[in-house]
Structures are given as C-alpha cells and as structure tokens.
**Q** 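The structure that follows is given in the form of structure tokens.
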Amino acid sequence: SSLCNYLKIFTTTHKNPLLAYESLTNIQQQLSKDTFIQIHRSYIVNKVFISKIDKETLRLKNGEQLAIGRKYQILLEGLCSLKRPQANHK
C-alpha cells in the first residue's frame, strides 16, 4: 500500500505493517514478476495470498478485500483464467 513515497508493507511475519520511504515503482522493480502483481496504483500483492478475484475487487487469504484499478483489471483477467480449474471436456 502506498502513501506518497511512504509504503506500508504487510507481511505474514510481522503483526504491524512496516513503513518504508520508497516509491512503489522502485519496490516493484525489485520484486519478482512471477510472484507479485500490481492491482491498483497503490497496491502490489503476492499472488500466493490471493484467494478470489472479482471484476473490481480482490480478496486475500486473510479475508482483506482490495480494490482493483480499472487499468489493472485486464491484467488480472489473465490471472483469473490461470487460477480457474479447467473444465474436463470429452
């Protein structure tokens, strides 16, 4: 989550978010594109912790719900199709 150039970094190992003075763009460049995805101009999430994706919201495994920015919805549609179980056609 981004607040100007201050970031709140939420982890599974810390009870409270960590604060860092860094731009979201700089942090994103350091993260693996295979593991992390930007869903909003203020949010980057670890794909492992996504439990559900709707058109405008994303739910994390901890129950938290995040808004998906309009320009990121197309990117997430591809991720949704990868996460859905394939129908067994015979």
**Q** Measure across K33 and K47 and return the closest heavy-atom pair with its distance rounded to 0.1 Å.
**A** O-NZ, 3.3 Å
**Q** Would you sort out whether Q73 and I68 count as a side-chain contact (heavy atoms from CB on, under 4.5 Å), showing the intermediate values?
**A** CA-CA 6 Å; Q73 289 174 0; I68 299 171; 3.6 Å; yes
**Q** Just by distance, do the side chain of H40 and the backbone of S42 share a donor-acceptor pair under 3.5 Å?
**A** yes
**Q** Given 3.5 Å as the limit, does a donor-acceptor pair link the side chain of N46 with the main chain of V48, or not?
**A**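 It does hold such a pair.
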**Q** Applying side-chain contact (heavy atoms from CB on, under 4.5 Å) between L7 and each of N26, L18, I27, L19, report the one that passes.
**A**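 Filter result, single survivor: I27.
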**Q** Quick one, L76 with I74, criterion side-chain contact (heavy atoms from CB on, under 4.5 Å). Give me CA distance, side-chain angles, the key distance, then yes/no.
**A** CA-CA 5 Å; L76 287 170; I74 294 170; over 6 Å; no
**Q** For T57 and Q65, indicate whether the former's side chain and the latter's backbone hold a donor-acceptor pair under 3.5 Å.
**A**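 No, T57 side chain to Q65 backbone: no donor-acceptor pair under 3.5 Å.
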**Q** Judged by atom type as modelled, is there a donor-acceptor pair below 3.5 Å linking the side chain of K8 to the main-chain atoms of A20?
**A** no
**Q** Under a 4.5 Å cut-off applied to non-hydrogen side-chain atoms, are I44 and I37 in contact?
**A** no
**Q** To the nearest 0.5 Å, how far apart are OG1 in T12 and NZ in K61?
**A**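 T12 OG1 to K61 NZ: 11.5 Å, rounded to 0.5 Å.
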**Q** Taking the side chain as everything from C-beta on, heavy atoms only, tell me whether Q38 gets closer than 4.5 Å to Y72.
**A**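 Heavy-atom side-chain distance check passes, below 4.5 Å.
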**Q** How long is the gap from NZ on K15 to OG1 on T13, to the nearest 0.5 Å?
**A** 14.0 Å
**Q** First locate atom CD1 of I39, then atom CD1 of I53, and finally report the distance between them rounded to the nearest 0.5 Å.
**A**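 Atom-to-atom, I39:CD1 and I53:CD1 are 8.5 Å apart.
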**Q** Looking at L24 and R41, what are the two nearest heavy atoms and their distance?
**A**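 Of all heavy-atom pairs spanning L24 and R41, the closest is CD2-O, 3.1 Å.
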**Q** Any idea which heavy atoms bring N62 and E64 closest together, and the distance?
**A**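 Minimum heavy-atom contact is OD1-N, 2.9 Å.
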